[in-house]
Novice: 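Right, I'll just put the structure down here and ask away after.
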Amino acid sequence: MSYKSLRDFLSKLEEEKLLIHYTDPVSLEPDVRTILAAGMNMKDSPAILMNNIDGFLGKGRIVGNVCGSWKSNALMLGMQTDATVKEQFFRMSDLWDKYIEGSVTYIEQPPCQEVVVDENINLFELFPLHRVNEHDGGFYLSKGLVVTKDIDEPDNLAVENVGVYRMQVQHPDVIALHVMPFHDGARHIKKAEERGEALPVAICIGVPPSLATMASTPLDYNQSEYIFTSAIDGEPFELAKCIGNDLDVPAHAEIVIEGEVIPGKRFYEGPFGEFPGSYSGAKQVFNIKVKRVTHRKDPIFETLYIGRPWTEHDTLIGLSTSVPIYKQLKATMPEVKCVNANFQHGLSVIVATDLKFGGYGKTVAMRVATTPHGISYAKNIIIVDGDVDPFNLEQVIWAINCRVRADKDVTVIQNTPGFQLDPTSNPPGMGNKLIIDATTPEYPDSIRPFQMIDLLDTEGTMQTKLEGMLNG
Amino acid sequence: MAEKNTNIQCVRCLSETAYLAASAPDGSGAWDLYCCSYCNYGWRTTEGSEITDVTKRDPRFSVDKNEVESVFCLNPIPKLLNKE
């Protein structure tokens, strides 16, 4: 099943009892963040739709935690809500291979342009912006998708980029854009800036969950987030052209903000509470001058609480971090069985692999450290045997406890690239790689002989029978 | 849209470069929102005194005026390519 719009997905969440309608009065600060953080602490972390917002009565709605739970994520992937995280991992991996089957279609008079605002634009009065964490430098769009094109290839959909970047609304029609230099969006801006040109940009808020997931995924430069989304949905993805530029945007987005990146200037932004659970410092970043806003009637402003884990951010980017690393490893190391990089955007990566020879586990770890994402993010790399489930942390700890010889299997590679938002990265952007090889030593390496106890019910037949008895 | 007045002191950097940027759109007068043109901070009048009151703000999140221009640049400004 696919969801053309955020609204379609919210209907499904409601049907599955994964949506709360919060009708009590809500202050923009601190209620929104408190409500969303509390929701994430609930079993199944439901989405929460708020419609009684201070200063926006009859004019605004906020939704958050839309992709907050693994049950929601399973629905996004077209699975039943009881699908395990590991099953969702392999579902996403299979869909990855269907990229070639994806396609897009364009529709006229799209819902995202039902209302057009092109003068006296004041984002603070149009939408219920709020301070995500108490000491943020202002009011952030925490779940906005930024669309840009390569100015040399304006008709090439594959290189049109859709990325989730942090954005601070600094003035009524000015937005600061924080995009890492290695992200595709930054490459587009740099190319235009070198020619003194203002790059058109569109910011989309309130999109189908499959697109939000793909926009959070580190794809190759010439892979389209829209095509990938179509592969997940199993049908052409519906797009529309912006009114004032040539960018493609999701036709059913709740809100589209059209603008241009101001070339040759930088602006003070931050701090912002980030996914490591700490505040980032302030920086000089790009600014976007807003030219036009379009939106659906009675738009839903989608937001995302980000802070100390577990938050929607962790679920949203968990598998979209794990699967690309798995694919990149698998391409040259077919012994690799599974990857769990779900924690803090892959600052820790757990890989299950069969072994070829002594030291192979360590070799896999070094390959993780040289994948595009692993270069800066993966600082703790744990390798386990192929019959250990990397999504089962009890099994992972067992492997560390019963396989690791500290003098041979623990390695620290010093002074490597690090991730600047990680508070231990010092100076920011530098770090160390910790490798823990928790695999069983293979010839010519060795360990004193021991006999393993067989696993029981490996097909899960008895477990299924017992669950049937329990559920009547 | 709220009327712009740029002589208000910013609660973060203390410059007198803040202005009234927005008011509650439902006309209730529930809140006003201010922005600083210098450090780009924003605050709403309904936020707690630890945000809106200069004397009660956490000093770890204050901003020195000199820092605004000298802070780390995430994306350095590239040189312009020759028009040729």
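Chain A is the first sequence line, chain B the second, and so forth, proteins listed ahead of strands; every chain is numbered from 1. Everything quoted here is computed from the prediction, not taken from an experiment.
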Novice: Might you point out which heavy atoms bring A/R131 and B/R44 nearest each other, and give the distance in Å?
Specialist: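 Nearest pair, atom of A/R131 first, then B/R44: NH2-N, 4.5 Å.
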
Novice: Find the distance between NZ (A/K190) and CD1 (B/I77) and round it off to the nearest 0.5 Å.
Specialist: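 The CD1 atom of B/I77 is 12.5 Å from NZ of A/K190, to the nearest 0.5 Å.
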
Novice: If we define contacts as heavy-atom pairs under 4.5 Å, which of A/G137, A/G138, A/G270 has the most with chain B?
Specialist: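 Ranked by contacts with chain B, first place is A/G137.
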
Novice: Closest heavy-atom contact between A/R266 and B/P78?
Specialist: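 It is NH2-CD, 4.0 Å.
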
Novice: Which one wins on heavy-atom pair count under 4.5 Å against chain B: A/E134, A/H171, A/K59?
Specialist: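 The answer is A/H171.
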
Novice: State whether the side chain of A/Q284 and the backbone N or O of B/V68 hold a donor-acceptor pair below 3.5 Å, judged by distance alone.
Specialist: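 Yes, the answer is positive, given that a donor and an acceptor are paired below the 3.5 Å cut-off.
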
Novice: Non-hydrogen atoms of chain A under 4.5 Å away: do they reach the side chain of B/I51, the backbone, both or neither?
Specialist: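 Contact with chain A is through the side chain of B/I51 alone.
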
Novice: Please report the closest heavy-atom contact between B/E67 and A/A282, naming both atoms and the distance.
Specialist: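 For B/E67 and A/A282, the tightest heavy-atom pair comes out as OE2-CB, 4.5 Å.
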
Novice: Drop me the distance from B/L33's CG to A/L28's CG, to the nearest 0.5 angstrom.
Specialist: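 Going from CG on B/L33 over to CG on A/L28, the span is 9.5 Å.
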
Novice: Out of curiosity, A/F139 CZ to B/W43 CH2, how far, rounded to the nearest 0.5 Å?
Specialist: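 One finds 9.5 Å between CZ of A/F139 and CH2 of B/W43.
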
Novice: Counting only heavy atoms closer than 4.5 Å, note whether B/R60 contacts chain A via side chain, backbone, both or neither.
Specialist: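 Contact with chain A is absent: no heavy atom of B/R60 under 4.5 Å.
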
Novice: Can you tell which part of B/E50 gets under 4.5 Å to a heavy atom of chain A, answering side chain, backbone, both or neither?
Specialist: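 Looking at B/E50, just its side chain touches chain A.
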
Novice: So, do A/F124 and B/C35 sit near enough that their side-chain heavy atoms are less than 4.5 Å apart?
Specialist: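 Of all side-chain heavy-atom pairs linking B/C35 with A/F124, at least one is under 4.5 Å.
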
Novice: Return the orientation label for the B/F61 and A/H135 ring planes: parallel under 30°, perpendicular over 60°, tilted otherwise.
Specialist: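 The arrangement is parallel - the two ring planes meet at less than 30°.
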
Novice: How close do A/P271 and B/R12 get, counting heavy atoms only, and between which atoms?
Specialist: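 Smallest heavy-atom distance, with atoms named: CD-NH1, 3.6 Å.
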
Novice: Rounded to the nearest 0.5 Å, how far apart are CG of B/L74 and CD of A/Q420?
Specialist: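 Result: 6.0 Å between the selected atoms.
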
Novice: Could you tell me the separation between the CZ atom of A/R195 and the CG atom of B/L80, rounded to the nearest 0.5 Å?
Specialist: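 One finds 11.5 Å between CZ of A/R195 and CG of B/L80.
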
Novice: Ignoring hydrogens, what is the shortest heavy-atom contact between B/P25 and A/G55? Give both atom names and the distance.
Specialist: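 Closest approach of B/P25 to A/G55, heavy atoms only: CD-O, 3.0 Å.
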
Novice: Using modelled atom types and a 3.5 Å cut-off, is there a donor and acceptor pairing between side-chain atoms of B/N75 and backbone atoms of A/V179?
Specialist: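 Here the side-chain-to-backbone pair exists.
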
Novice: Side chain of B/W31, backbone of A/D54: donor and acceptor closer than 3.5 Å?
Specialist: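 Such a contact is found between B/W31 side chain and A/D54 backbone.
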
Novice: Select one option (side chain, backbone, both, neither) describing which atoms of A/L177 are under 4.5 Å from chain B's heavy atoms.
Specialist: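 Neither part, no heavy atoms under 4.5 Å.
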
Novice: Could you check which of B/T46, B/D26, B/V63 has the highest count of heavy-atom pairs closer than 4.5 Å to chain A?
Specialist: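 Of B/T46, B/D26, B/V63, B/D26 has the most heavy-atom pairs under 4.5 Å with chain A.
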
Novice: Can you tell me how far apart SG (B/C73) and OH (A/Y268) are? Round to the nearest 0.5 Å.
Specialist: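 One finds 13.5 Å between SG of B/C73 and OH of A/Y268.
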
